[in-house]
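Here, residue 1 is the first one in the sequence, and each next residue gets the next number.
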Amino acid sequence: PMEDEDLASLSVYKFQKLVKKDEGSVHRRLRSIKDDADWLASFVRRLDCNFPLFANLRCGAWYSPSFDGTCYFKSTDGHYGSWEFNLSRINLHVAEKCTENGGIVLVDSTRKGKPYPDSFNRTIPIWIGVINSIVADRKKAQGEGDFSDWKELSVPSWIDPSERNQIEKRIPQFVEKIMSNAVLLSNIDDLSRKMKKPLKALLFNPNSKFWEIDWSSLEFYPVICVSASRIQTDDDTDYIQGAGDDEESWAMGLTYQMFWDNWEDILDSGSNIETFIQQVKENHEMKFKESLQGESDVDVEELKKCFDFFGNSGIAIGNSPQGCSAATWQLFDLVINCSDVDYPQLSSSKEKYFQISLEEAKGQKLKICTQLPTLLTFFEEAISKNKSQRILIHSIKDIDMALLASYVIFLSFYDEQGNMLDAPQKKFTKESMRTMLYYVSSFSPQARLQRATLNEINRFFMSPTYGPPQVQQYWKKRLNKK
């Protein structure tokens, strides 16, 4: 037990985390997650639809050992009065998968007191309203007919009509955001050619009544939003609704992948669970290091599937173990490793391998800025020798950091269509930076950059005198170069 003086020394934030951990022990949380996952698996079988199963990050990823993909619909984009359609979270891959397969199942959860997360109540209906509206406009412009009925905003019945009307008035503004972006508009046109009917959300949770549905007879593509947790009552003291939420405050470094690889032993560990989780993490680290050895004899076509390629630029992004193996040289001439882990099968090729640990800088003010001159200088020197090099930007631990490196490289050396510039870019605007962010993000939808990181990147490019001396020296040299 903590003494009074220990409690007094705690910050409010740390005290809240401590209370949360006491109120919801790790074992109770993981047991609740397993119970919810069992219900989800049975529910998906009852759906009998064979639609792809996607986790809405990050909470939703805890509720199944196997997903077909991920998405990121943020609850705050649906908060009352702050309704938003964020182009960096456009989730076009969800609409594409839904259209290709006739529907899709999205999984998320929410804490005690609500039947559905705001991501399902509002964010996804807003997203659907925007996608349906802009596709209807594009189809009409192509002479395919009148699709005005697609534009009707559909929200859950419990949303107040006044709120629905306020949201609907904002849809044209959100559509205009896409219309003014050539890169995104091109992707929308591809989707428009495939979509034969509008999207519509259907919401379910363990307390919902379920009826059999002939999916092929629907006049819309169903976006089936499943909140995996049942509604917790005051008597339900052993259960935690939305137990997968806010994992930083309770998981002790355990990830959902580690949990599902070891769930039986973890749940059987009882009062020793914290010690056992530490063992699981150590074993995972050992297997992780072994995976870095990789296989050198891999089919090239299979290898390609491990990476996301930025159009025809010759650059790809990835975080799969295959990107650490000697097989990588079958596809790429240069590898940029953004993690703090060395790739032993690649690092011996010093002229073709470059490591910069952007992960260490994550979340540290100014630290990212001090790393970028080294990365950009290396890249500029590399392409000066051979502009047609095939380049992999990789991070075995954090795909977000590989996206960060890709973003700043494209900002510096490529135009908004992914064509290499004759000389490094010297002038930047908020609009040009947003456009480039949408461009690189569209090729790697599973990765995302945090707002704090984006703010640091904006300062780096738009305020050359901002930051420590090495950053200012870099910009002085770059801006004076003819």
(request) Show your reasoning for whether salt bridge (Lys or Arg N to Asp or Glu O under 4.0 Å) applies to Asp400 and Arg448. (result) CA-CA 6 Å; Asp400 298 350; Arg448 64 186 187 278; 5.3 Å; no

(message) Set out, in order, the CA-CA distance, both residues' side-chain angles and the distance that settles side chain to side chain contact (heavy atoms under 4.5 Å, CB included) for Lys352 and Gln389, then state yes or no.
(response) CA-CA 10 Å; Lys352 301 191 294 181; Gln389 287 192 83; over 6 Å; no

(message) With side chain to side chain contact (heavy atoms under 4.5 Å, CB included) as the criterion, how do Asn319 and Lys397 come out once you've worked through the C-alpha distance, each side chain's angles and the decisive distance to 0.1 Å?
(response) CA-CA 7 Å; Asn319 71 329; Lys397 282 190 172 181; over 6 Å; no

(message) Run Asn205 and Ser208 through side chain to side chain donor-acceptor pair (under 3.5 Å) and show every step you take.
(response) CA-CA 5 Å; Asn205 67 24; Ser208 302; 3.1 Å; yes

(request) Take Tyr438 and Met433 through the test side chain to side chain contact (heavy atoms under 4.5 Å, CB included) and record every step on the way to the result. (result) CA-CA 9 Å; Tyr438 305 149; Met433 294 187 69; over 6 Å; no

(request) Could you go through the side chain to side chain contact (heavy atoms under 4.5 Å, CB included) check for Phe85 and Thr123 one step at a time? (result) CA-CA 8 Å; Phe85 184 85; Thr123 305; over 6 Å; no

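Inter-residue side-chain proximity for Leu87 and Leu437 is flagged as unmet; no heavy-atom pair is nearer than 4.5 Å. The shortest distance between side-chain heavy atoms of His93 and Phe54 falls below 4.5 Å. Using a 4.5 Å heavy-atom threshold, the side chains of Glu96 and Leu191 count as touching. Contact annotation: the side chain of Ile273 approaches that of Ile266 to within less than 4.5 Å [non-hydrogen atoms, C-beta and beyond]. Counting heavy atoms from C-beta on, the side chains of Ile159 and Arg122 come closer than 4.5 Å. Taking 4.5 Å as the limit, every side-chain heavy atom of Lys287 sits out of range of all side-chain heavy atoms of His284. Between Phe288 and Ile396, the closest side-chain pair of non-hydrogen atoms falls below 4.5 Å. In this structure, the side chains of Ile393 and Cys338 come closer than 4.5 Å at one or more pairs of heavy atoms.
Side chain of Asn132 to backbone of Leu199: a donor-acceptor contact under 3.5 angstrom is found. Within the 3.5 Å criterion, the main-chain N or O of Ala402 finds no donor-acceptor partner in the side chain of His394. Checked by atom type and distance alone, the side chain of Ser249 pairs as donor or acceptor with a backbone atom of Asp246 at under 3.5 Å. Looking at Tyr72, its side chain never comes within 3.5 Å of a backbone N or O of Arg58 through a donor-acceptor pair. Here the side chain of Ser339 pairs a donor or acceptor atom with the backbone of Val341 at under 3.5 angstrom. A donor-acceptor pair is defined here as one N or O able to donate and one able to accept, closer than 3.5 Å; such a pair exists between the side chain of Tyr63 and the backbone of Gly244. Listed for the Trp215 side chain is a donor-acceptor partner under 3.5 Å among the backbone atoms of Leu47. Under the 3.5 Å distance criterion, the side-chain polar atoms of Ser442 are matched with a main-chain donor or acceptor of Tyr439. Without hydrogens or angle criteria, Arg390 side chain to Gly314 main chain gives no donor-acceptor distance under 3.5 Å. With hydrogens and angles ignored, the 3.5 Å screen pairs a side-chain donor or acceptor of Gln232 with a backbone N or O of Asp236.
Between the side chains of Tyr353 and Asn337, a donor-acceptor pair is found at a separation under 3.5 Å. Side-chain contact annotation: Asp308 with Gln446, donor-acceptor N/O pair under 3.5 Å present. With hydrogens and angles left out, the side-chain atoms of Asp77 and Trp127 include no donor and acceptor closer than 3.5 Å. Counted by atom type alone, Asp108 and Ser119 present one or more donor-acceptor pairs between their side chains at under 3.5 Å. Counting only N and O atoms by type, the side chains of Asp189 and Ser192 include no donor and acceptor under 3.5 Å apart. Between the side chains of Asp342 and Ser347, at least one donor N or O lies within less than 3.5 Å of an accepting N or O. Side-chain polar atoms of Ser32 and Asp35 form no donor-acceptor pair below 3.5 angstrom. Between the side chains of Asn386 and Ser388, at least one donor N or O sits under 3.5 Å from an acceptor N or O.
More than 12 non-hydrogen atoms from other residues, nucleotides or ligands lie less than 6.0 angstrom from CG of Asp214. By the 6.0 Å contact criterion, CG on Asn50 is open, its count of non-hydrogen atoms from other residues, nucleotides or ligands being 12 or less. For Asn312, the CG atom counts as loosely surrounded, since its 6.0 Å shell holds 12 or fewer non-hydrogen atoms of other residues, nucleotides or ligands. The number of heavy atoms from other shown groups lying within 6.0 Å of CG (Asp190) is above 12. No more than 12 heavy atoms of other residues, nucleotides or ligands sit less than 6.0 Å from atom NZ of Lys97.
The ring-ring contact (aromatic ring centres under 6.0 Å, His included) test with Phe204 singles out one residue from Tyr116, Trp211, Trp39, and that residue is Trp211. For the side chain to side chain contact (heavy atoms under 4.5 Å, CB included) criterion with Ile336, the lone passing option out of Ile317, Leu392, Leu375, Ile315 is Leu375. Shown are Val226, Ile224, Val94; of these, the side chain to side chain contact (heavy atoms under 4.5 Å, CB included) with Leu106 is made only by Val94.
When all heavy atoms of Pro222 and Gly102 are compared, the pair lying nearest together is CD-O, 3.2 Å. Closest approach of His27 and Leu267 over heavy atoms only: NE2-O, 2.9 Å. Taking both residues in full, the closest heavy atoms of Ser154 and Pro125 are given as O-CB, 3.5 Å, listed atom of the first, atom of the second, then distance. Residues Pro115 and Ile231 approach most closely at CB-CD1, 3.8 Å, considering heavy atoms. What you find for Gly60 and Phe67 is that their closest heavy atoms are O-CZ, 3.4 Å.
A salt bridge is defined here as a Lys NZ or Arg NE, NH1 or NH2 lying under 4.0 Å from an Asp or Glu carboxylate O, and Lys177 with Glu84 meets this definition. Between Glu416 and Arg434 there is no salt bridge, since no side-chain nitrogen of the basic residue lies less than 4.0 Å from a carboxylate oxygen of the acidic one.
Outside the 6.0 Å centre-distance limit, the rings of Phe174 and Trp83 are not counted as a close aromatic pair. Checked against a 6.0 Å centroid threshold, the rings of Phe310 and Tyr414 do not count as neighbours. Ring centroid separation for the pair Phe413 and Phe379 comes in under the 6.0 Å cut-off.
Note that Arg28 lies outside the cation-pi zone of Tyr239, set by a 6.0 Å cut-off to the ring centre and a 45° limit from the axis. Judged by the 6.0 Å distance and 45° axis criteria, Lys197 is not positioned over the aromatic ring of Phe220.
The OH atom of Tyr221 sits 13.0 Å away from the CD1 atom of Ile104 when rounded to the nearest 0.5 Å.
Note on ring orientation: taking the six-membered ring where Trp is involved, the planes of Phe332 and Phe307 are perpendicular (angle over 60°, cut-offs 30° and 60°).
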